[in-house]
Amino acid sequence: MWAILSILVENKPGILFKVTHLFRSRNFNIDSISVGVTDNPEYSRMTITTVGDEKQVAQIVKQLDKMIDTVEVRHLDEHKTVYRELSIFKIRLSNANDSMEINKLAGAYGAKIHDVKKDSIMVELTATPDQIKAFEELARPFGILDVARTGVAAIQRSGA
Amino acid sequence: MLVWAETAITSDSMYSCILTIKIMGIEMMTTMQSMTGAKALMTAMEKEGVRQVFGLPGGANLPMYDEFARCDIRHILVRHEQSAAHMADGFGRVSRKPGVCFATSGPGATNILTGIATAQADSAPMVAVTGQVPVAMIGRDAFQESDIIGMANPVVKYAFQPRTAAEVPAAVRKGFYIAETGRPGPVLIDIPKDVQQNESEMVFPDEFKIRGYHPWSDPDIVAVEKAIDMLLHAQKPIILAGGGAIISSAFAELQAVAETLMLPVVTTFKGKGAFPETHPLALGPIGMHGHAEANKMMTEADCVLAIGTRFSDRSVGTFEAFEKRLKIIHMDVDPAEIGKNQTAQIAVVGDVKASLRVMIKLLAKNSTRLTKETPWLKHVKETRAYWKENLKLHPGEMGAAKILRKLREILPSESVITTEVGQHQMWASLFYDVIQPGTFFSSTGLGTMGWGFPAAIGAKVARPDVPVVDIAGDGSFSMTENSLATAVLEDIPVIVFILNNSSLGMVAQWQRTFYDRRMIGVEQSRCPDYVKLAESYGAQGIRAQSMAELDGAIKTALGSDVATVIDIPIDPEEDVLPFVAPGTSLSDMILPS
């Protein structure tokens, strides 16, 4: 299963190292990770997506919770959570039609166009990882020159 | 981590003033003084009740060493930092207060890593204090610089690196608190040299809050009720006591539950001696070299009350075979242990002593009548009696079982045992019965050769009133034998009891069993002569080659006021049996033929 973990940590140096080290030493994978300070500068929030069976995910949550520097660890319910990832694609333009086609594609996904050059175009897409993957598949035939992704940021809805 | 304090200075003397400090709503008086980081370290440790430090000085920890001249803490010098860590570990396990070790930066710090990892694997309370290069030199590959915080991270419960002198007292206070609460473990405090030297106004906090640390939770009464119900309805219930039962000294509670519910008790190797092994319900340790009767009954049981155990592979064999058969009730202080290796039907998170007390209270109210003579209990008793009589032992006069039973016969029941790691350790598990709970300690998780002797020295410092014996093998003892200098010069008279097969016996046994007798790298060739070695350090060395000599040697050692090494040559071909081969289940136990 794919799991989104939201981890509130002390905003101190070295914590990212400890969290990622825990994943390595306990034989878990990090699918994506994003970190940023919260509205309270004493805390940072890490959003980690990982893949594992139910037992493995439960275990990594417990191990994270056991860490003294983590204040709160939550396994978010995907269906009750707003989660998004920002991605930037640089796509090749081979002929005159490509620019128009990519513009159409970007429009369908609500993506923004940046930096249109003679032979390449940059597209910024903020979406779920699945949508980004789908966009990537459709952009692939044009020739993807580069991709950068931020990892997922997520917050569970109130009352959920 | 948070310490929030509202402070009001009521005197403005330059060097000392009384502070009213309000922490978590509680007002308290505390003394504020100007002093160096090194002095603050020693003062804070004195406040924690530290009486001695095991260590070895070097360039980066000299400021703290200089403070020994001005405080009441005893320094016990080692010949290798690894031994300092094991001594602190042994002290901590016996006293249940963190033992303290000091090492310098760089190689001094890396030398204690094995000791820290050993304490972590066995949940032993320890505070390791290392010197570090000055703050401005960190990250420049300075002389004797090592990133010990980074290296130690996966094997410590927590690590501190105060960057200013003023941070030292809180690091010590929190470090001790973290080391000894909840599931105990090692804490590292790495102090740069200039932080030791700099002066600052120091506040020694009495109370504090660590936001992300919740060492204990109250046991769930409903879960305990369900557990009782499950045990009462099981046909073949059993108790499996782990190291957690010893750490929380739940001895009386464990015995009360076992006797009330008439449950046979097996232990893990780490839990050996949580329950008196001479008790009629005691079956001894299960596992790779568990007692035959313990492994047999564990294999036949249908419901287990597991108390403070992580179900290690060495205890249960293959995980799948174990959990498929059994209903598991799991009590543990560490929620992360629930479901890690085995799936429990009922989990009770909390200090196991507290959880067992809840169980005892609920049992007193429970009206279900207990039959004292179930078919299961009869079968357990018969099996126990059979294997006590019929386990085939080495035929020679100096077989391991005979040697260890002789030791048991002579030692007072309150004696503390540590072991090294290897065949002798497993023979001790099989043939040395622990009578008084909580008197047997071993490196069970990490399996650190060389642990037993320095740990015995630490144990003796904690309990100078009882005999302390390191049950050793020649291979393992070799690794830290230079601790003889510490035992002699610091007047810590422990007994080293070497079952000497002149080889790395456990490895040799695996080579005989799994590698067609190709013996590679296991021969020790009677080198050194342990009697002469002991004598060269000023210790007493005795060789025992017969039961009569052994009897005399043990008695001489017990009456001696100097450390004694008893060298007992044994048959290098003797195997440890029973044996559950790695990757197989307890029911596949190999018995002596």
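By the 6.0 Å contact criterion, CD on E137(A) is enclosed, its count of non-hydrogen atoms from other residues, nucleotides or ligands being greater than 12. In D218(B), the CG atom is not crowded: 12 or fewer heavy atoms of neighbouring residues, nucleotides or ligands sit closer than 6.0 Å. With a 6.0 Å radius and a threshold of 12 heavy atoms from other residues, nucleotides or ligands, K55(A) has its NZ atom above the threshold. For I155(A), the CD1 atom is loosely surrounded, since the number of other residues' heavy atoms within 6.0 Å does not exceed 12. By the neighbour-count criterion of 12 heavy atoms within 6.0 Å, atom CG of D141(B) is sparsely surrounded, having that number or fewer from other residues, nucleotides or ligands.
The contact between K18(A) and chain B is made by backbone and side chain atoms together, counting heavy-atom distances below 4.5 Å.
The shortest distance between side-chain heavy atoms of E337(B) and K62(A) does not fall below 4.5 Å. Inter-residue side-chain proximity for H21(A) and P154(B) is flagged as met; some heavy-atom pair is nearer than 4.5 Å.
Taken to the nearest 0.5 Å, the CD atom of E10(A) stands 9.5 Å off from the CD1 atom of I210(B).
Ion pair R211(B)/E72(A) not flagged as a salt bridge, since none of the NZ, NE, NH1 or NH2 atoms sits closer than 4.0 Å to an Asp/Glu carboxylate oxygen.
Put simply, of T343(B), I338(B), I149(B), the one with the most heavy-atom pairs under 4.5 Å next to chain A is I338(B).
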